[in-house]
Amino acid sequence: MVFPMIIMEQVMASIPDFEIAEAGISKDNSAEAEQFKFRVDEIFQKVDELEQKVNEVEQFYLSSSKKQQSSSKGSSMGKERDKERQVPSIKKQQQDASRREAAAAKRMQELMRQFGTIVRQITQHKWAWPFMQPVDVKGLGLHDYYEIIEKPMDFSTIKNQMEAKDGTGYKNVRDICADVRLVFNNAMKYNDEGSDVHLMAKTLLEKFEEKWQLLLPKVTEEEKRRDEEEAEAQLDMQLVREAAHAKVVRDLCNELYEVDTHLEHLRETVVQKCRKMSTEEKRNLGTAIARLSMEDLNKALEIIAQSNPAFQAMAEEVEIDIDAQSESTLWRLKFFVKDALELQSKSAMSTGGNNNNNYNNKRKKEICDAIAKTAKKKSKRTSS
């Protein structure tokens, strides 16, 4: 994600300021200036669209990074397996998900069938009759029943839930188990410990728990399998999303590169159309260059070196002759210096000052002195 963001910054930095450009283009070429403005507006719109895509991809990778950190407890063997996993297609993933769900539903139906056998064995016990139907609260005059029992339950209700075909039935065995326990716990809670119903409920609950313990390992194994399959499905989904976003990143990089190339061509076209810079403007440009930070000053030297291969931008001693520069170089410098000084001003306001080291300050002073010295020589030559 760093790469497209860097290109994005470079693209934004390379868009020419047409207030300066228009000042540089002669009045005869004002129509061309308007045309350049229109083209730049189009590029700005394109850059805004690309920036939005970059932000979306960046947010995806930030959220993915957080998920990976939270799930970093997995074994190293598991991580190696994840690296080797091939990225499934969306269609294949959907097919696999359907197969997994169908297989899991079939296994759960088998567990529920086995659990149904346990329920039948319990309900066929001679003491099961008080629990087969809902408690007749009104008929038995149990006026405080609903004050003591929050959720009534009986085996006919459980049976109806187990046989429901409209999607309202039980989804897993543990839900049925919880309701069976509720039947007996309600009876023991409402009826005194020494009563027949309390004793019957307690006895049947113990028998149920014994049978449940025999089925529980299968239930636990199925739950573990489902968790693993769900984790695997989520990993596949994550890989699909990452592959999709990786393609977006590649496309973004290509589009940003094209925009950057287009802008560079447009800038060069604008520079070539600019009028000849006056002596006063050159002097002001030299003064402005002297105000640049060390980093921007080096960039300005690189601009000069691009049109003058003999110029050594990184040499110990640098002599800059503003008058000797081509018009295209001068206007490129003017574009760059204005943008750089504006950013420099904003940065100084936010940080409260400049923290350049002594070496940078010394290097900057030498370059600025060279510019001033060259300007003085030119001034003396002109006056003589």
Side-chain angles (χ1 to χ4, degrees), residues 95-234:
Q95 292 173 343
D96 290 345
S98 297
R99 282 195 291 268
R100 278 197 302 267
E101 289 173 6
K106 189 174 181 179
R107 294 194 303 270
M108 183 55 68
Q109 286 176 357
E110 174 59 24
L111 287 174
M112 292 177 75
R113 185 193 67 77
Q114 294 180 37
F115 191 88
T117 302
I118 296 176
V119 172
R120 282 195 299 274
Q121 290 173 350
I122 295 298
T123 55
Q124 288 171 1
H125 194 278
K126 62 181 179 179
W127 286 356
W129 62 268
F131 316 110
M132 297 304 296
Q133 299 296 328
V135 175
D136 186 3
V137 176
K138 187 175 180 180
L140 296 173
L142 308 177
H143 307 298
D144 60 348
Y145 187 80
Y146 293 118
E147 295 177 7
I148 299 172
I149 303 303
E150 296 178 5
K151 182 184 177 184
M153 186 55 60
D154 64 277
F155 280 107
S156 67
T157 300
I158 292 175
K159 183 173 182 293
N160 290 335
Q161 283 280 86
M162 290 181 68
E163 295 175 353
K165 304 295 184 182
D166 58 357
T168 60
Y170 294 111
K171 299 298 186 293
N172 61 70
V173 175
R174 285 191 184 271
D175 289 342
I176 317 176
C177 178
D179 278 351
V180 170
R181 285 170 174 161
L182 186 61
V183 171
F184 300 127
N185 285 328
N186 282 350
M188 289 187 290
K189 183 177 182 180
Y190 187 77
N191 296 278
D192 294 336
E193 189 171 350
S195 67
D196 289 343
V197 174
H198 187 103
L199 176 61
M200 293 162 74
K202 183 177 180 180
T203 301
L204 291 179
L205 179 60
E206 290 173 353
K207 289 182 177 295
F208 168 74
E209 293 294 352
E210 289 176 4
K211 296 178 182 297
W212 167 246
Q213 290 302 316
L214 297 176
L215 183 62
L216 185 58
K218 294 182 180 179
V219 175
T220 303
E221 181 182 353
E222 173 59 23
E223 290 172 340
K224 181 180 178 183
R225 182 172 179 177
R226 282 204 169 197
D227 289 342
E228 290 175 350
E229 288 180 349
E230 180 63 25
E232 185 176 357
Q234 289 181 358

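These numbers were taken from a predicted model, which means no experiment stands behind them.
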Distance-only, no hydrogens or angles: does the [X] side chain make a donor-acceptor pair with backbone N or O of [Y] under 3.5 Å?
X	Y	result
Thr157	Met153	no
Asp192	Ser195	no
Asn186	Lys151	yes

Is any side-chain heavy atom of [Y] closer than 4.5 Å to one of [X]?
X	Y	answer
Leu140	Tyr145	no
Val219	Trp212	yes
Ile118	Leu215	yes
Tyr190	Leu142	yes
Arg174	Leu216	yes

### Query
Which heavy-atom pair separates Lys171 from Asp175 by the least distance, and what is that distance?
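For Lys171 and Asp175, the tightest heavy-atom pair comes out as N-OD2, 4.3 Å.
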Minimum heavy-atom distance Gly116-Met162, with the two atoms named: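 Closest approach of Gly116 to Met162: CA-CE, 3.8 Å.
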If you round to the nearest 0.5 Å, how far is [atom2] of [Y] from [atom1] of [X]?
X	Y	atom1	atom2	value
Lys211	Glu209	NZ	CD	12.5 Å
Leu204	Met188	CG	CE	10.0 Å
Gln161	Ile176	CD	CD1	9.0 Å
Leu182	Ile158	CG	CD1	8.0 Å
Asn160	Thr168	CG	OG1	9.5 Å
Glu210	Lys207	CD	NZ	6.5 Å

- Item | Reference residue Arg226; test side chain to side chain donor-acceptor pair (under 3.5 Å); the match among Glu229, Glu222, Glu230 |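 The single option meeting the side chain to side chain donor-acceptor pair (under 3.5 Å) with Arg226 is Glu222.
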Carefully, step by step, assess Thr123 and Phe131 under the rule side chain to side chain contact (heavy atoms under 4.5 Å, CB included). CA-CA 8 Å; Thr123 55; Phe131 316 110; over 6 Å; no
Can you tell me if [X] has over 12 outside heavy atoms packed within less than 6.0 Å of its [atom1]?
X	atom1	answer
Glu193	CD	no
Asp196	CG	no
Glu150	CD	no

### Query
Would a line drawn from the ring center of Phe155 to the ring center of Phe184 be shorter than 6.0 Å?
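Yes, the ring of Phe155 comes within the 6.0 Å limit of the ring of Phe184, centre to centre.
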So, Glu221 and Lys218, do they make that salt bridge, N to O below 4.0 Å?
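Judged by the 4.0 Å cut-off on N to carboxylate O distance, Glu221 and Lys218 do not form a salt bridge.
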Using salt bridge (charged side-chain N to carboxylate O under 4.0 Å, His left out), reason through Arg113 and Glu110 one step at a time and then give a plain yes or no. CA-CA 5 Å; Arg113 185 193 67 77; Glu110 174 59 24; 2.7 Å; yes
